[in-house]
Number of protein chains: 2
Amino acid sequence: MGMGRPRAFDADAALDRAMDVFWRHGYEGTTIAQLTEAMSINPPSLYAAFGSKEGLLKAALDRYTEKRDAWMDKVLNAQTAHEVAERFLMEHADAQTDPANPPGCLLVQGGLACGTGSENVPFELAARRTRTEDQLRERFVRAKAEHDLDENVDPTTLARYLSAVTSGMCVMASSGATRETLREIAAVSLKAFEEQTKG
Amino acid sequence: MGMGRPRAFDADAALDRAMDVFWRHGYEGTTIAQLTEAMSINPPSLYAAFGSKEGLLKAALDRYTEKRDAWMDKVLNAQTAHEVAERFLMEHADAQTDPANPPGCLLVQGGLACGTGSENVPFELAARRTRTEDQLRERFVRAKAEHDLDENVDPTTLARYLSAVTSGMCVMASSGATRETLREIAAVSLKAFEEQTKG
DNA sequence: CCACATCTGTAGCGAACACTACAGATATGT
DNA sequence: ACATATCTGTAGTGTTCGCTACAGATGTGG
């Protein structure tokens with residue numbers, strides 16, 4: 001018994017293309033026709049590989065998360081909590097205005113509110129955002145253990161604050177905010193972080 | 001010559017219903033069927049009154065902006081710039097978690113990224129967000145003239161920062177953040193504001 | 001070289017979409 | 001009371017949506 005005809009396209013490259021479309025148009029604003037064209041495959045290939053439109057999104061999100069984890073490693077490996085916050089904010093400002101990608105972040109532009117039948121999509125995106133928040137919190141917990149952060153600092157609050165600011169930057173990036181504008185916001189936020197970690 | 005049969009529904013009440021649907025499902029996630037059911041009218045009445053789905057959204061946004069302006073007046077009439085920022089942040093935390101409305105804010109949940117043919121929608125929402133930002137900036141310009149804010153403070157930066165934070169709060173509200181969580185974020189942001197206005 | 005398993009491309013499926021034609025209802029102005 | 005103008009409800013329109021049946025292509029294992 002044979003093993004069948006091999007796939008004629010690279011799944012990861014195709015996912016990168018799909019990611020871009022979802023990112024630019026949101027989940028519900030994206031059509032299968034746009035996806036198949038961007039991925040240079042036909043619908044049956046898409047459905048054989050990913051199951052459904054939502055399955056494709058999840059696969060794209062998995063790939064997005066992979067890349068993001070690698071990126072977060074760089075951020076989290078900074079020496080101090082302050083430097084973690086600084087890198088996190090500034091790298092976000094740059095990433096969200098990187099001309100190689102659509103503005104903002106897939107986890108926000110992908111869809112905050114969806115229609116009946118796609119209720120799972122905002123939930124899925126939120127779970128990935130929470131992941132980042134958790135990674136930050138864990139890092140700040142460690143910083144407390146290392147006496148890098150003060151005793152009375154709440155890692156959860158810090159992580160939530162940074163997460164909120166970068167999500168807000170996504171919204172502004174989607175309406176054309178420049179890299180400089182986002183960096184300005186990041187700089188102000190960093191001062192808040194400093195102030196918070198002193199008190 | 002007669003003036004025709006009068007409209008049998010209240011347009012403003014219908015707009016409030018439409019607003020809720022757009023807010024909860026986003027522009028593209030909302031169907032005409034959902035709208036007509038929520039508004040308790042039939043499609044021809046909707047189209048006679050508002051022209052199109054996008055026309056209805058704009059009318060709903062106009063009504064939303066009206067209410068928001070009244071709300072912003074209360075905020076902007078605070079005595080000091082610091083109190084303006086405090087009210088703005090805290091009222092946002094409360095409004096975005098008001099059980100009477102869907103979580104977040106129509107201007108964000110409505111749709112950051114839309115499909116081909118609806119490119120105008122994110123633009124329209126962004127314009128309304130910019131309006132709020134402009135109102136804040138003008139208020140901070142005044143605060144500078146009144147020597148309430150220091151000479152070297154940039155009103156644009158302050159307004160952008162507050163706008164970014166509240167937009168970020170919208171994202172978090174959409175994934176179930178509680179009022180207390182948002183207030184915590186608002187409190188941290190306010191410290192940033194204080195720090196920024198000192199330096 | 002052959003049986004088989006899987007992929008590819010064409011072509012199109014039913015359902016849901018935004019939107020509207022039309023006929024009847026209900027007001028106004030004279 | 002009557003002509004007119006606009007609204008309402010029913011019942012659709014054409015289009016696009018996500019998705020798939022099917023036949024031919026292309027590989028593997030024996």
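Each chain gets a letter, A, B and so on, in the order the sequences are listed, and its residues count up from 1.
Using a 4.0 Å cut-off between charged side-chain N and carboxylate O, E195(B) and K191(B) make no salt bridge. A salt bridge is defined here as a Lys NZ or Arg NE, NH1 or NH2 lying under 4.0 Å from an Asp or Glu carboxylate O, and R129(B) with E133(B) fails to meet this definition. With salt bridges taken as basic N to acidic carboxylate O contacts below 4.0 Å, one links R137(B) and D134(B).
Taking atom CZ on R5(B) and atom C1' on dG29(C), their separation rounds to 19 Å, with Å as the unit. Put simply, CG on L46(A) is 19 Å from P on dT6(C), counting in whole angstrom units. Distance CG (N42(B)) to C1' (dC22(C)): 14 Å, rounded to an integer number of Å. The CZ atom of F50(B) sits 11 Å away from the P atom of dC7(D) (whole-angstrom rounding). With rounding to whole Å, N120(A) atom CG is found 17 Å from dG18(D) atom C1'. Atom-to-atom, CD1 of I41(A) to P of dT20(D) comes out at 15 Å; the value is rounded to the nearest Å. What separates NZ of K53(B) from P of dT20(C) is a distance of 14 Å, to the nearest Å. Between the CZ atom of F9(A) and the C1' atom of dT26(D) there is a distance of 15 Å, given to the nearest Å.
Looking only at atom types and distance, the side chain of R68(A) has a donor-acceptor partner in the side chain of T132(A) under 3.5 Å away.
At the phosphate of dC19(C), OP1 or OP2 sits under 4.0 Å from a side-chain N or O atom of Y47(B). Side-chain nitrogen and oxygen atoms of S45(A) include none within less than 4.0 Å of the OP1 or OP2 phosphate oxygen of dC7(C).
Side chain of P43(B), nearest nucleotide from dG29(C), dT20(D), dA11(D): dA11(D).
With ring centers used as reference points, F140(B) lies under 6.0 Å from F193(B).
Between P44(A) and E28(A), the residue anchored nearer the 5' end of DNA chain D, judged by the nucleotide with its closest heavy atom, is E28(A). Judged by closest nucleotide on DNA chain C, R7(A) is the one of I32(B) and R7(A) placed further toward the 5' end.
Within the nucleic acid shown, T30(A) comes within 4.0 Å of sugar-phosphate atoms alone, with no base atom in reach, counting heavy atoms only. Residue P6(B) is classed as a sugar-phosphate contact, given heavy-atom separations below 4.0 Å to backbone atoms only.
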